[in-house]
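Have a look at the structure below, then the notes.
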Amino acid sequence: MASKHAWKIEIIPWDHSSVEHIQRMHDQRIACGWRADEVPEWVESAKKGGKMFYWAALSESVPDREALLEQYIAAHSQETKPLQDTAKEIQLMRREPTSKDFIPVGHVALEIHDAKEDASLGLPSNAIWVHQLYISSALRGGGYGVATMAKVEAIAAQEPMNGKWMALDTLAKEVPKEVGDVDSIDVGRGSIIPITSKEEWYSRQGYQTYKQGPGYTYQAPDGHRTQLRVSYMKKRIDGGT
């Protein structure tokens, strides 16, 4: 079933060759709270046709769009300058950029993992992974995350990916209660992530949890270290059953 929110977001490819696009990705990862240091790695991956990022921008048909953008810019003063649609390729396939100005309010990535890795996780073939979904907290609650997911699911099901399944991992929904009063953890490389689970949110988007496994390492105040569980989730996107 198509999302009732999909019309709210326009998806625009990240231009990994653009200094402006790279800097904006870094700024948004800083705002997100983690993995800003991995942006150079994502650039190199994109050059080889690997992980591909997409910007999420408000559709021009969104009511009060200008007021929402003002609200966004007020929360992210370093992002006042629009970007341009300049990406000339997506996963090594040529495209014609529109040069249209836009202000991204978030981003998301799609990636094809190694088939053996997917099989070891119990995933069927033709699975496309979704990573790094981020929508600014200044706009959360408006259905923009749901819209972004719906748009990239449609992209993943088409050429050149031709995906049949979407896959993702997220902290298991039981984890926040298990760690007690801990609000966030340091997962290394300067990344502090909140102890929140999006498992139930993804479930509402049609994703099914099919497996749990070890995820991030957490060190308790008493020095004890443990791995927090992640839930692996999947969703059929090609219309099959």
Problem set entry | Interatomic distance, Thr148 atom OG1 to Gln205 atom CD [nearest 0.5 angstrom] | 11.0 Å

Problem set entry | Glu117 atom CD: more than 12 heavy-atom contacts under 6.0 Å | yes

For this session: Tell me whether the centres of the aromatic rings in His21 and His107 are closer together than 6.0 Å.
Result: no

Problem set entry | Polar side chain donor-acceptor pair, Glu20 to Ser18, under 3.5 angstrom | yes

Problem set entry | Arg229 CZ to Lys173 NZ distance, which is reported to the nearest 0.5 Å | 11.0 Å

Seminar exercise, completed: Here the gap from Asp169 atom CG to Trp129 atom CH2, rounded to the nearest 0.5 Å, amounts to 5.0 Å

Problem set entry | Atom of Ser125, atom of Trp165 and distance for their closest heavy-atom approach | O-CD1, 3.8 Å

Exercise. Counting only heavy atoms not in Asp64, do more than 12 sit closer than 6.0 Å to its CG atom?
Worked result: no

For this session: Say whether, by atom type as modelled, one donor and one acceptor occur between the side chain of Tyr72 and the main chain of Pro104 under 3.5 angstrom.
Result: yes

For this session: Give, for atom CD of Glu60 and atom CZ of Phe102, the distance between the pair rounded to the nearest 0.5 Å.
Result: 12.5 Å

Exercise. Hey, what do you get for OG (Ser59) to NZ (Lys8), rounding to the nearest 0.5 Å?
Worked result: 11.0 Å

Exercise. Has the side chain of Ser45 got a donor or acceptor atom that lies under 3.5 Å from a matching backbone atom of Trp42?
Worked result: no

For this session: Flag yes if more than 12 heavy atoms outside Gln158 fall under 6.0 Å of its CD atom; otherwise flag no.
Result: yes

Exercise. In terms of side-chain heavy atoms, does Trp55 have a donor or acceptor partner in Asp85 at a distance below 3.5 Å?
Worked result: no

Exercise. CD1 of Ile103 to NZ of Lys81: how many Å apart, nearest 0.5 Å?
Worked result: 12.0 Å

